[in-house]
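Throughout, protein chains are lettered first and strands after them, A, B, ... in sequence-line order, and every chain is numbered starting at 1. FYI, side chains are in, hydrogens and waters are out, and symmetry mates aren't considered; it's all heavy atoms of this structure.
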Amino acid sequence: MLIVVVPGASSAGGDADDATPLVGVRRVGQDVAPHGVVGEDRSVRWVWDDTAHWYSRLLADGVRVERCLDLRLAHRVLRDSLTSAGSVLARRASGPFDAPAEQGDALAGPDAPVALFEVRAPRERPDEAALLAEVADQDAALAGPGPDVRAAAAGRGAGPDVGPAHARLRLLVAAESAGALAAAEMRHAGLPWDREVHDRLLTDALGPRQGDARPPRMEELAARIRAELGAPRLNPDSMPDVLRELRRNGLPVTSTSKWELAGVDHPVVEPLLAYKKLSRLHTANGWAWLDRWVPDGRFRPDYVVAGVVTGRWGSSGGGAQQLPKQVRRAVRADDGWRLVVADAAQLEPRVLAGLARDDRMAEAGHGRDLYQGMVDAGVVASRDQAKVGMLGALYGGTTGSSAAVLPRLTRAFPAALGHVEAAARAGERGEAVTTLLGRTSPRPGVGWAQVQAAALGGAPGDDDAGPAAAGSADPAGQEARARAQSRAWGRFTRNFVVQGTAAEWALCWIAEVRRRLWALGEAGEPSRAPAPFARRPHLVYFLHDELVVHAPEQLADAVAVEVREAAVAAGRLLFRDYPVDFPLSLAVVRSYADAKG
DNA sequence: GCAATAAGCGCG
DNA sequence: AAAGCGCGCTTATTGC
């Protein structure tokens, strides 16, 4: 049964009227607890336009939902996917489900008082009829062609043999919705953060806090920099000023970036690099950050499911996906609890092996480090060569040591390298590419085609094109620009198929983990995690190929087993019986910094 | 005076 | 050593 969730009156939380035999409709008001709802019932699927909006309210009431359909996320996939391109949904004019995701509610912090007085116009939400119509359209788009058409297509043998394209698309939609539940739960629970440890770590590095003023260690370094450069009034935070003084002192640099500075021999380099390092820590994850984002011992960023074109999650608030290794010491489990930290080893090349059905590459990663396996197979001389070479292949690197090993990789793994190469060629032609489950890359913008056309035939009369028109008189320049642009888009599509499929694996992984954690039940003393997780292991962090579970110590080892088995299950969901492994590096720790990293 | 942009650096 | 892909965030600077 579906429970369709729509905005409701602020009275009477409990009654679900049966509009149709199959559909219950629940109206949830902002302040109304949905009494009598069994969220965990697997036979129920909650349907709503936006998981972040609705589920945060249910969780606030301690209600967990087992399954849902996030119509907005599914809509986005189905609109763009080549698999559903012929559907009514894909051809329709854009509507309410095409609106971007809404931002999570602002957190308490220095600017919260302002936000409280802001009159935020509530988003207009689709009503019951609109939701049900959308469900029907999505069902049709996911049903795919009839059995006869499918049989014919199967005969042509397009793509890996992992089931019909529409079945894969259904998996993607389901996984994305499950991911949305996990994202809401992670924000609800928060990443346990020890403010004292963080403060001590900052004081060790920067010296005692000086209010808003520059910390002592940075002030000392600033003085040394000024002395070395003979610039007593220099502000080391101003890049143009620093660059000017460096050049005035005869240093051959064109920027103040650390990699360029590192190659210069001058006594200012050491304090300047040290200053930049401390400055980064202070501005990005210093005391102000701590007060703003961890007011109560939990870090609650806003995860944006499919916030990245490739399907990866984005985040906003506090730089959740850029937590420096330096501060991870402050991520600590509650007393009597543990962090289970898991990281999928060499995820992207393994995904490519499965995607391209490259038997030799899959074999190289079987039961061992994939890069070491390439060394053992005699393909490359060192693990580092394998790694750099594969990254170059995935990103489209054309220079340096990466390009040097590319021919050897191409010879050893023709299917894998051919797959990304084909994706690159398609992108260079301006075509779309798809991931294993059917997520489809965006097409290049209108300006892209204009540049290509101009280079090919001297497109007439478009030199009114504004910002892009610079240099359009020069045919050679036009051609060079067109080629550079074409290759750039090819690098994007090359990476899209791998990064996007890896994101799909990760979605399946997290969905499996989430389900299995709940099944482990309760244990130990309550932590400071809110209901319904106070005595249950729960997800607290996710970073592309890595996740962290907060678990009662009695359950930590069981959690580790489930996390591993979930990775195996994710591989099966995507690649069926194809023998590609997804091993994890896994650690049960008190502090995030104690995981290998 | 405020908004958009660039540089730089953190993460995968 | 970075490069080649994808991001978010902060500061300084530029543009209106």
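Contact between A:Leu417 and A:Ala393 at its shortest, heavy atoms only, is CD1-CB, 3.6 Å.
Comparing atom distances between the A:Ser255 side chain and each of B:dG12, B:dG8, C:dC5 picks out B:dG8 as nearest. Closest approach to the A:Lys276 side chain among C:dC5, B:dC11, B:dG8 is made by B:dG8 (side chain taken as heavy atoms from C-beta onward).
Using a 4.0 Å heavy-atom criterion, one finds that A:Leu323 contacts the sugar-phosphate atoms exclusively. At the heavy-atom level, A:Leu394 lies nowhere under 4.0 Å from the strands shown.
Qualifying salt bridge (Lys or Arg N to Asp or Glu O under 4.0 Å) partners for A:Arg429, counting only residues two or more places apart in sequence or in other chains: A:Glu431. For A:Arg209, the side-chain hydrogen bond (donor to acceptor under 3.5 Å, both in side chains) criterion is met by A:Asp291, not counting sequence neighbours. Residues passing the salt bridge (Lys or Arg N to Asp or Glu O under 4.0 Å) test with A:Glu421, sequence neighbours excluded: A:Arg425, A:Arg494. Residues satisfying the side chain to side chain contact (heavy atoms under 4.5 Å, CB included) criterion with A:Pro208, sequence neighbours excluded, are A:Gln210, A:Pro216. In terms of the side-chain hydrogen bond (donor to acceptor under 3.5 Å, both in side chains) criterion, A:Thr256 has no residue partners (sequence neighbours excluded). The ring-ring contact (aromatic ring centres under 6.0 Å, His included) check on A:His198 picks up A:Trp193, A:Trp289, with sequence neighbours excluded. By the salt bridge (Lys or Arg N to Asp or Glu O under 4.0 Å) test, A:Arg443 pairs with no residue at all, sequence neighbours left out. Every residue was checked against the salt bridge (Lys or Arg N to Asp or Glu O under 4.0 Å) condition with A:Arg408, not counting sequence neighbours, and none meets it.
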query: Which letters describe nucleotides 9-16 of chain C, given B = protein heavy atom under 4.0 Å from base, S = only from sugar-phosphate, - = neither?
result: SSSSS---
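A salt bridge links A:Arg244 with A:Asp241; the closest basic N to acidic carboxylate O contact falls under 4.0 Å. The existence of a salt bridge linking A:Arg312 and A:Glu348 is confirmed by a sub-4.0 Å separation between a basic side-chain nitrogen and an acidic carboxylate oxygen. Salt bridge annotation for A:Asp594-A:Arg329: present, with a cationic side-chain nitrogen under 4.0 angstrom from a carboxylate oxygen. Ion pair A:Glu176/A:Arg439 flagged as a salt bridge, since at least one NZ, NE, NH1 or NH2 atom sits closer than 4.0 Å to an Asp/Glu carboxylate oxygen.
Of all the residues in residues 306-314 of chain A, A:Val308, A:Val309, A:Arg312 reach under 4.0 Å from DNA chain C with at least one non-hydrogen atom.
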Any N/O pairs under 3.5 Å between the protein and nucleotides 2-4 of chain C? List them or say none.
| unit_1 | atom_1 | unit_2 | atom_2 | d |
| --- | --- | --- | --- | --- |
| C:dA2 | N6 | A:Ser401 | OG | 3.1 |
| C:dG4 | O3' | A:Arg491 | NE | 2.9 |

message: Expected output check: what is the dot-bracket annotation of DNA chain C, where ( ) and [ ] are pairs inside the strand (brackets for crossing ones), | is paired with another strand, and pairs are Watson-Crick or G-U under 3.5 Å?
response: ....||||||||||||
